[in-house]
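Here the structure is a predicted model, which means the values were calculated and not measured.
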Amino acid sequence: MSRLSLKVVGASGQGINSIGEILAKGLKRSGYCVFGYREYPSLIKGGHASYQLDVSHEMLRSSDTTIDLLLTLNHHGLELNLHELKQGAILLHSTPDWQFSEADKALLEQRQIRVRYVPVDEILSRLQAKAILGNVVLASFVWSILGQGREVLREMVREQFGHKKALLELNMRCIDEGTDEREQRAAELSLTLGPPDKAWADHLLLTGSHAMGLGAVHAGVRLYAGYPMTPSSPLLSYIAEVQNDTGMVIKQAEDEITAAQIVSGAMFMGTRALTGTSGGGFDLMSETLSLNGIIENPTVFVLAQRPGPATGLPTWTGQGDLLLAVNTGHGEYARCVLSASDSQDAFDVMPMAFNIAEEFQISVIVLTDKQIAEALYTQKPYDQGRAELRRGKLVTDPATLATLKGADRYDPSAEDGVSPRWLPGTEADTYCAQGDEHNGDGTVDEGASNAVAQMDKRMRKLQSLHAALPDPELYGATDPEVLLVGWGSTKGTVLDALERPELRGKSIGYLHFTYLWPLKTELFTFLTERAKKTVLIEGNHQGQLGLLIAQQTGILLPNKILKYDGRPFFRDELARLILPHLDTHAPVTGGHPLPSRRKRS
């Protein structure tokens, strides 16, 4: 597999993302799959940030730790990122008269790094252009190193600035200057991509937040309320950007409590509504979640994970909120927890989340994380005809509404725990929806027998939901000697790692859990009993999915690969960590024909 890794580093506010996005769009148009990964501090300007692109003519789902080309916009990258360069890699910088330390000189010589100073300031002065256009110069320089013609870049600039003649002309000159600088003064610098596959040109280039926003629109969401909190903010921003196209109502609430209340009220009135937040914001929403549990009001919450506790690492990634999602909110009540894993899942889970919420009259928590929310994916166009809107036992037929009694709403005899639901204002008998324990029509009833009957009714939904949910998905070997288990954003990295030469062809299977509560464990139990070793892979300290599995099955998973430094798993890193577990005779602990099964619909 021909794969290149390119990385742009500098301070926040220097245009790192602009260069990365220019290159990503151009490479996709030229027939390559790209995967983008961002790192940045919790600062508007300053600090040390990066934008990495992994590029191939084959499918990519993750990043590598080592890079083929490093472009530094300031001197900090020359001090902090040299160790990431591969043997024979290219280092580009625009810091005049920079002197490397003796240790760095030795590293550059040992790895035969090709270093080149790009005189961006001189070029911009010659063009009488502003500093921001240096990004176009540098992107063109890199573009030429990759052996790509300048016309693709010119076409992209033409599309963006075609209505501004002077700015268009200046951008075109920057493209020419950057390309000429490389061709005339650095012709020896080149990197070779594999043969392009024009099918990639027809794919989408989008983040997980964009994918989730599109999924919400596809699910029939008509209202989004939220309060900005990284890494959920990009979802709010994207849905707001397309508001005029979708006609959706967007509300930036004064806090997360209000956002949760707005969405709950909208859902109670029959409008599909969504909110999203991160850890501390989700804590504030938990009381509303509990209220929805007792009034059996369908709701959907997006919980975008970042490392805690408290503010923690606000602009980094992690999987530390699984147990929070499963257990949040006082009291016992049914809920469903599921997780996106990539741009396809981020789109697909939204219609499913709303269908589950309405069919079982429960809250559904959709987990994502900073890696999924902000990673850049090359995505096959979505099938707009796949979503099916199911509203469960919502009664809208006038004849049926006329037969309903108030006591039908919370009828404790409902076999599956789900009773008829109808909307305020319809021609039907009334009921009361309130946070006190109540009888069938919502009247307060603190009697012992009623408390038991209503609790049993609500909790029966978990049994019905468990039966309806799909099994986890198995990738790789169908009867593996080594079984890997994971969820969320680890999926793409695991699948990419299994294609590396050191793991390819081995008897390894990966069992991926999308639906995390209630947890379906039958397939897991079957596979782990047959496998010689089962290895848990998670982005948290405790191995939280492993704790849920142990709780539900009694099976402990001592072999773990855990990461909790705010960074995602990288492909080469994860392959190295998996490799020792292939020795099925030696235990490696952490700290670090199949039965028929239900398919995802």
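- Under the 3.5 Å distance criterion, the side-chain polar atoms of Arg150 are left unmatched by any main-chain donor or acceptor of Gly178.
- Distance alone, capped at 3.5 Å, is enough to place a donor-acceptor pair between the Thr207 side chain and the His210 backbone.
- In the model, Tyr37 has a side-chain atom that pairs as donor or acceptor with a side-chain atom of Glu39 under 3.5 Å.
- In this structure, the side chain of Ser125 does not engage the main chain of Asp121 through any donor-acceptor pair within 3.5 Å.
- The side-chain heavy atoms of His581 and Ile561, taken from C-beta on, include a pair separated by under 4.5 Å.
- Ionic pairing of Arg29 and Glu159 is present here: one or more N-O contacts between side-chain nitrogen and carboxylate oxygen are shorter than 4.0 angstrom.
- Inspection of the Ser507 and Glu481 side chains reveals no N or O donor paired with an N or O acceptor under 3.5 Å.
- With rounding to the nearest 0.5 Å, the separation of CD in Glu538 from OG in Ser489 is 11.0 Å.
- Applying the ring-ring contact (aromatic ring centres under 6.0 Å, His included) rule to pairs touching residues 9-33 yields nothing, sequence neighbours excluded.
- One N or O on the side chain of Lys28 and one on the backbone of Ala201 form a donor-acceptor pair closer than 3.5 Å.
- Remark: Asp572 does not engage Arg500 in a salt bridge, criterion side-chain N to carboxylate O under 4.0 Å.
- For the 3.5 Å distance criterion, the side chains of Asp496 and Ser62 qualify, holding a donor opposite an acceptor.
- Counting only heavy atoms from C-beta outward, the side chains of Asp54 and Leu6 never approach each other to under 4.5 Å.
- A side-chain N or O of Lys491 and one of Tyr475 form a donor-acceptor pair less than 3.5 Å apart.
- Salt-bridge formation is detected for the pair Arg158/Glu151: a Lys NZ or Arg NE/NH1/NH2 atom is positioned less than 4.0 Å from an Asp or Glu carboxylate oxygen.
- At least one donor-acceptor pair under 3.5 Å links the side chain of Asp565 to the backbone N or O of Arg567.
- Side-chain contact between Ser63 and Gln52: present, with at least one pair of heavy atoms (C-beta onward) separated by less than 4.5 Å.
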Item checked: Residues Ile19, Leu71; criterion side-chain contact (heavy atoms from CB on, under 4.5 Å); working and verdict -> CA-CA 10 Å; Ile19 297 174; Leu71 170 61; 4.2 Å; yes
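- Looking at Ser12, its side chain never comes within 3.5 Å of a backbone N or O of Lys45 through a donor-acceptor pair.
- A distance of 11.5 Å separates CD of Gln542 from CG of Leu536, quoted to the nearest 0.5 Å.
- Among all heavy-atom pairs drawn from Met350 and Val302, the shortest one is CE-CG2, 4.3 Å.
- Nearest heavy atoms, Gly318 versus Gln305: O-CB, 3.3 Å.
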Next item on the list: Test side-chain contact (heavy atoms from CB on, under 4.5 Å) on His203 and Tyr377 and set out the steps.
Entry: CA-CA 10 Å; His203 281 50; Tyr377 296 89; over 6 Å; no
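- With Pro231 as reference, Ser278 is the one residue of Ser278, Pro314, Ser209 to meet the side chain to side chain contact (heavy atoms under 4.5 Å, CB included) rule.
- No donor-acceptor contact under 3.5 angstrom links the side chains of Glu169 and Asn171, judged on distance only.
- One N or O on the side chain of Trp143 and one on the backbone of Gly149 form a donor-acceptor pair closer than 3.5 Å.
- Residues Val337 and Val366 are not in side-chain contact: their nearest non-hydrogen atoms beyond the backbone lie 4.5 Å or more apart.
- Among all heavy-atom pairs drawn from Ser339 and Gly488, the shortest one is OG-CA, 3.5 Å.
- Note that the CH2 atom of Trp200 and the OG1 atom of Thr378 stand 6.5 Å from one another [nearest 0.5 Å].
- A donor-acceptor contact closer than 3.5 angstrom is absent between the side chains of Gln319 and Gln544.
- Note: His512 and Tyr510 have tilted aromatic rings, judged against thresholds of 30 and 60 degrees for the angle between ring planes.
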Note to self: Please determine whether side-chain contact (heavy atoms from CB on, under 4.5 Å) holds for the pair Phe570 and Arg576, giving the CA-CA distance in whole Å, both sets of side-chain angles, and the decisive distance to 0.1 Å.
What the structure shows: CA-CA 10 Å; Phe570 295 91; Arg576 289 194 300 269; over 6 Å; no
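- Tyr40 approaches Thr315 most closely through the heavy-atom pair O-OG1, 2.6 Å.
- Note that CZ of Arg114 is 13.0 Å distant from CG of Leu108, once rounded to the nearest 0.5 Å.
- Nearest heavy-atom pair across Asp369 and Ile372 is OD1-N, 2.9 Å.
- Between the side chains of His48 and Asn74, no donor N or O sits under 3.5 Å from an acceptor N or O.
- In this structure, the separation between CG on Leu574 and CG on Leu498 is 8.0 Å, given to the nearest 0.5 Å.
- In this structure, Ser140 OG and Asp176 CG are separated by 8.0 Å, a value rounded to the nearest 0.5 Å.
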Next item on the list: I would like to know whether His218 and Tyr382 meet ring pair (Phe, Tyr, Trp, His ring centres under 6.0 Å); could you show each step before the answer?
Entry: CA-CA 10 Å; His218 197 45; Tyr382 297 113; 8.6 Å; no
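- Between the Arg111 side chain and the His83 main chain, a donor and an acceptor come within less than 3.5 Å of each other.
- Under a cutoff of 6.0 Å and an axis angle of 45°, Arg306 and Trp316 do not form a cation-pi pair.
- Formation of a donor-acceptor pair under 3.5 Å by the Ser144 side chain with backbone atoms of Phe141 is not found in this model.
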Note to self: What verdict does the side-chain contact (heavy atoms from CB on, under 4.5 Å) test give for Glu473 and Leu511, after you've listed the backbone C-alpha separation in whole Å, the side-chain angles of each residue and the deciding distance to 0.1 Å?
What the structure shows: CA-CA 6 Å; Glu473 296 172 281; Leu511 190 65; over 6 Å; no
Note to self: Working note: Arg38 + Glu374, criterion salt bridge (Lys or Arg N to Asp or Glu O under 4.0 Å); need CA distance, chi angles, decisive distance, verdict.
What the structure shows: CA-CA 7 Å; Arg38 295 173 58 203; Glu374 298 187 4; 3.6 Å; yes
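- Closest approach of Ala211 to Ser343, counting heavy atoms only: CB-O, 3.3 Å.
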Check: Yes or no on side-chain hydrogen bond (donor to acceptor under 3.5 Å, both in side chains) for Thr534 and Thr528, after CA distance, side-chain angles and deciding distance?
Finding: CA-CA 6 Å; Thr534 299; Thr528 199; 2.5 Å; yes
Next item on the list: Could you please spell out the steps behind the salt bridge (Lys or Arg N to Asp or Glu O under 4.0 Å) verdict for Glu573 and Lys563?
Entry: CA-CA 11 Å; Glu573 167 195 53; Lys563 189 174 185 182; 2.9 Å; yes
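- A heavy-atom distance below 4.5 Å is not found between the side chains of Leu85 and Thr66.
- Checking side-chain atoms of Thr179 against main-chain N and O of Ile175 turns up a donor-acceptor pair under 3.5 Å.
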